[in-house]
> 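Here you go, one structure.
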2 protein chains.
Amino acid sequence: MTTIADVAKMAGLSRATVSRVLNNHPNVTEEKKRLVRDAMERLNYVPNSTAQRLRNQKTDTIAILVPVLTNPFFAYLLEAMDTVATENNLQLLVCQTRYDREKELNFLSLLKTKQVDGLILTSSENDWEIITEFTQYGPIVLCNEYSQVVNVPAVRMNNTEAAYRATRHLIEQGCRKIAYSYGEKKSSVALEREDGFRQALKEHSLPMNKSWIIRNVYDIEDGRGALNYLTKLSERPDAVFTGSDQVATGMIMEAKKQNIHVPGDLAIVGFDDQPIASIIEPGLTTIAQPIKQMGTRAMETMIEVILHKRELSYQEILLPFELIVRDSTNRFSFN
Amino acid sequence: MTTIADVAKMAGLSRATVSRVLNNHPNVTEEKKRLVRDAMERLNYVPNSTAQRLRNQKTDTIAILVPVLTNPFFAYLLEAMDTVATENNLQLLVCQTRYDREKELNFLSLLKTKQVDGLILTSSENDWEIITEFTQYGPIVLCNEYSQVVNVPAVRMNNTEAAYRATRHLIEQGCRKIAYSYGEKKSSVALEREDGFRQALKEHSLPMNKSWIIRNVYDIEDGRGALNYLTKLSERPDAVFTGSDQVATGMIMEAKKQNIHVPGDLAIVGFDDQPIASIIEPGLTTIAQPIKQMGTRAMETMIEVILHKRELSYQEILLPFELIVRDSTNRFSFN
DNA sequence: GTGATTTTTGAAATCGTTTACATACTATAA
DNA sequence: TTATAGTATGTAAACGATTTCAAAAATCAC
C-alpha cells in the first residue's frame with residue numbers, strides 16, 4: 001500500500017507538505033504542489049480514509065436504522081435521505097434491524113464505537129429510556145417513529161390525526177364494525193394510530209371489539225392471514241383500518257379468493273400510499289405520507305448538527321398527510 | 001472519550017494487558033482480567049473501531065453497489081446479502097449509484113481508500129476495463145450483472161436463456177409482433193436478454209422491428225410511457241417482453257386506461273416475479289429469478305475471500321430461473 | 001537453593017494521517 | 001544593513017488501538 005510517506009519521499013518533501021497539498025492548505029508554493037501531485041500520480045496514491053477518520057475524529061457517515069429494506073415505505077425514505085446525504089458528502093450506513101431488539105442495540109452501538117457521526121432512527125424496538133442513553137454518544141434524530149422522552153429532534157406525521165380521519169372516513173361510508181391492524185406493539189406509530197382509531201369510534205359511539213384488533217402484521221402474507229382470521233370470527237367486522245398498504249393488499253387479495261366483496265362486505269383502508277395502492281383492484285383507500293419530505297427533513301436536521309455544529313434538542317417537525325380515497329372504501333357506488 | 005489508556009490507568013495495568021483482555025488472549029491472570037473488566041465497566045469503555053481498523057488493516061465492511069433501493073429486485077437482493085453478512089459479523093455499506101457512472105466510480109474508490117474490504121457489484125455503468133482496474137485494490141464479486149472480461153466470480157442467471165424462453169412462450173401464444181424493452185444500454189443483463197429475444201424470433205422467422213425496441217425504461221411510470229409510445233406506432237406490436245415487472249405493471253395499468261386488452265390486444269411478460277406480478281390484474285407472466293440464492297451465494301463467495309483468504313478468480317455460479325405463466329399472456333382462454 | 005522453563009506483564013513501535021510548533025527563508029521598510 | 005513581518009517547510013506529537021520483543025515473575029526439576 002502506498003502511503004503519504006512514499007509520496008513525500010518521491011517528491012523529496014515532508015509528509016506535512018504532502019498533507020497540505022492534499023487538503024488545499026494555503027502557503028504551499030506552486031512548484032512543490034506540482035512535485036507532490038506528480039508523485040501522487042506516479043504512485044497512484046489515495047489517502048487511507050481510516051487513518052483520516054482516526055486523526056480527524058469524524059467518519060462522515062450516518063447510520064440509518066430501518067426494520068426492513070423490502071418494505072417500500074422504508075426504501076423510499078432511504079432514497080430521500082441518501083439524496084441529501086450524498087449532496088453533502090456524507091455516507092449512509094443502512095442498518096436492517098428486522099424488528100429485533102438485540103440487532104437494534106448493536107446498531108445503536110455504532111455511535112459508541114465512533115463508527116458513525118450520527119444516527120437516524122425510523123422505528124424502534126427498545127424502550128425509549130435505553131435509547132436516551134445513547135444520545136450521549138452522538139446525535140440521534142427520529143424520523144417516523146418518535147418520543148417526547150428522548151430529547152432529540154423528531155420528524156414525523158401526526159399519526160393520531162391520520163388514523164382518526166381514516167376511521168371517520170370508514171364511518172362516513174356506513175361502516176359500524178371496524179377492525180384495526182398494526183405491526184409492532186410498542187411502536188409509537190402504532191400506538192398513536194390506535195389512539196386516533198379509538199377516538200373516532202368513541203365520537204360515534206361505536207363498539208370496540210377486542211378481537212378486531214390484530215397485531216404483528218407487517219407484510220402481504222400477514223395481511224392474507226389477518227383476513228382469514230377475521231373471516232373465522234363469529235362476529236365479523238365490516239371494515240378494517242390497517243397500518244400498511246402491504247397488509248391491506250394481502251387482505252384484498254385473500255378477500256377476492258374467498259369471494260368476500262371489498263368494499264361491499266369489507267371496506268379496507270391502508271397506510272402509506274405505496275405504488276401498490278393504485279395498482280390493486282379495487283384501488284386502495286389510504287393515507288399518503290410525505291415520505292420524501294420526511295427523509296429529507298430528517299437528514300437535513302442531522303446535517304445541521306454534524307456539519308454546522310448546531311445544538312441538538314427536542315424539536316418536532318410535523319408534516320402533513322392526505323387521505324386518498326379509492327374504491328376499497330367506496331360503499332355507495334360499488335358495482 | 002474514554003480510551004484504552006484510561007482503562008489501563010484505572011486498572012493499574014498497561015495498555016497491552018487491557019488489549020489482551022479485550023481480545024481474549026490467553027496468558028492473562030484471572031485477577032487482572034477482573035481488574036480490567038471492572039475498569040471498563042466503571043468507565044463505560046468501548047473500543048474505538050476506527051483505531052482498530054487502522055491497526056488491523058481491515059474494516060469488516062462490504063460495499064454493495066445497487067442502482068436504486070426502490071426497485072424491489074435490489075431490495076430483496078440486499079436483504080439476502082445482509083442476512084449472510086450479519087451472520088458473519090460483517091457490515092454492509094449500501095451504495096446507490098442511480099445508474100450514474102460518476103457515482104459508481106466514487107463508490108468503487110471505496111476499495112482504493114480502504115474503506116471496505118470488498119465490493120459487490122449488482123449492476124454497472126462503467127466499461128469493464130475500468131472496473132477491472134479496481135480489482136487490484138480489493139476483492140470484487142459480480143452479482144446479477146456479469147462479464148468475462150473482469151476476472152472475478154460472478155453469481156448470475158442465464159438471462160439469454162430466460163429471455164429466449166419468455167419470448168418463445170409469447171410465440172406459442174400466437175403472438176407474432178413482439179416488442180422488447182430494457183433499461184441500461186450497456187448492461188450485460190439487457191444485452192443477454194436481447195440476445196435470447198432475437199434468437200427466439202429468428203428461430204420462428206419473425207420480424208424484428210427496430211421501433212419495437214424500447215430502451216431506458218426502469219419503473220412503473222416509464223412503463224406507462226412505453227405503452228403510450230407503442231400505441232402511437234403505425235404498426236403496433238401484439239406482445240411485449242419487458243425487462244422488469246415494474247415496467248410491465250406500468251404498461252398493464254396504462255393499457256387498462258386506454259382500453260387495450262391484455263393479453264387480447266397485447267400480451268405482456270415481465271421479469272423478476274416481484275410481489276406485484278401476482279397482485280395486478282391480469283396476473284403478470286414473468287421470469288422468477290432466484291434472488292435470495294443470488295444474494296446469498298454472492299455474499300458467501302465474498303466471505304470465502306475475506307474471511308477464509310481464498311484466492312479469487314473467475315468463477316461462474318449459474319442459478320436456475322423459472323417461467324411463471326399468468327394471465328397477461330394467456331391468449332387462449334381469456335374472458 | 002539453583003538453574004531451566006513457562007507464564008505474565010510492560011515498553012515501545014506500528015497503522016497512515018493531520019497539525020502545533022519551530023525554524024528557515026523571503027520580502028519589506030527604515 | 002538590519003530589524004520585522006510574513007511565507008514556506010519540516011519535526012514530532014498526536015489520534016486509539018494491537019503486537020513484537022524483552023524483562024519480570026512464577027513454576028518446576030533436581
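Hydrogens, waters and symmetry mates are skipped; everything else that's a heavy atom, side chains included, is used. Throughout, a chain's letter reflects where its sequence line sits, starting with A, and its residues are numbered from 1.
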> Within the pair A:Thr29 and D:dT9, is there a side-chain N or O less than 4.0 Å away from OP1 or OP2?
yes
> Do any side-chain nitrogens or oxygens of B:Asn23 fall under 4.0 Å of OP1 or OP2 in D:dT18?
yes
> If you only use heavy atoms from C-beta on, which nucleotide in D:dT9, C:dT18, D:dA17 is closest to the side chain of B:Thr3?
D:dA17
> Take atom NE2 of B:His25 and atom P of C:dT7, then tell me their distance rounded to the nearest Å.
16 Å
> I need the CZ-C1' distance between B:Arg15 and C:dT8, as an integer number of Å.
18 Å
> What is the separation between atom CG on B:Leu54 and atom C1' on D:dC15, rounded to the nearest whole Å?
9 Å
> Does C:dT18 have OP1 or OP2 under 4.0 Å away from a side-chain N or O of A:Gln52?
yes
> For B:Glu41, I'd like to know if atom CD has over 12 heavy atoms of other residues, nucleotides or ligands within 6.0 Å.
no
> Indicate, with a heavy-atom threshold strictly under 4.0 Å, whether B:Ser19 touches base, sugar-phosphate, or nothing.
base
> Ion pair present between A:Arg53 and A:Asp60, side-chain N to carboxylate O less than 4.0 angstrom?
no
> How would you label the contact of B:Arg20 with the nucleic acid (heavy atoms, under 4.0 Å): base, sugar-phosphate, or nothing?
base
> Tell me whether the OP1 or OP2 atom of D:dG16 has a side-chain N or O from A:Gln57 closer than 4.0 Å.
yes
> Starting from the 5' end of DNA chain C, give me the residue, B:Glu31 or B:Asn56, whose nearest nucleotide shows up first.
B:Glu31
> So what does A:Val18 hit on the nucleic acid, given a heavy-atom distance under 4.0 Å: a base, only sugar-phosphate, or nothing?
nothing
> Counting just side-chain N and O atoms, does A:Asn27 come under 4.0 Å of either OP1 or OP2 of D:dT7?
no
> Under 4.0 Å, heavy atoms only, any strand: does B:Lys32 hit a base, just the sugar-phosphate, or nothing?
sugar-phosphate
> With A:Glu30, which of A:Arg34, A:Lys33, A:Lys32 fulfils salt bridge (charged side-chain N to carboxylate O under 4.0 Å, His left out)?
A:Lys33
> Salt-bridged, A:Arg156 to A:Glu192, with N to O below 4.0 Å?
yes
> Would you work out how much the helix from C:dG1-D:dC30 to C:dA30-D:dT1 bends between its ends, with each end axis defined by five base pairs, to 10 degrees?
50°
> When only distance counts, do a donor and an acceptor, one from the side chain of B:Arg55 and one from the base of D:dT18, lie under 3.5 Å apart?
yes
> Whole-Å distance between C:dT8 P and B:Lys33 NZ?
9 Å
> Are the side chain of B:Asn23 and the backbone of B:His25 linked by a donor-acceptor contact shorter than 3.5 Å?
no
> Counting only side-chain N and O atoms of B:Asn48, is one of them less than 4.0 Å from OP1 or OP2 of D:dG16?
no
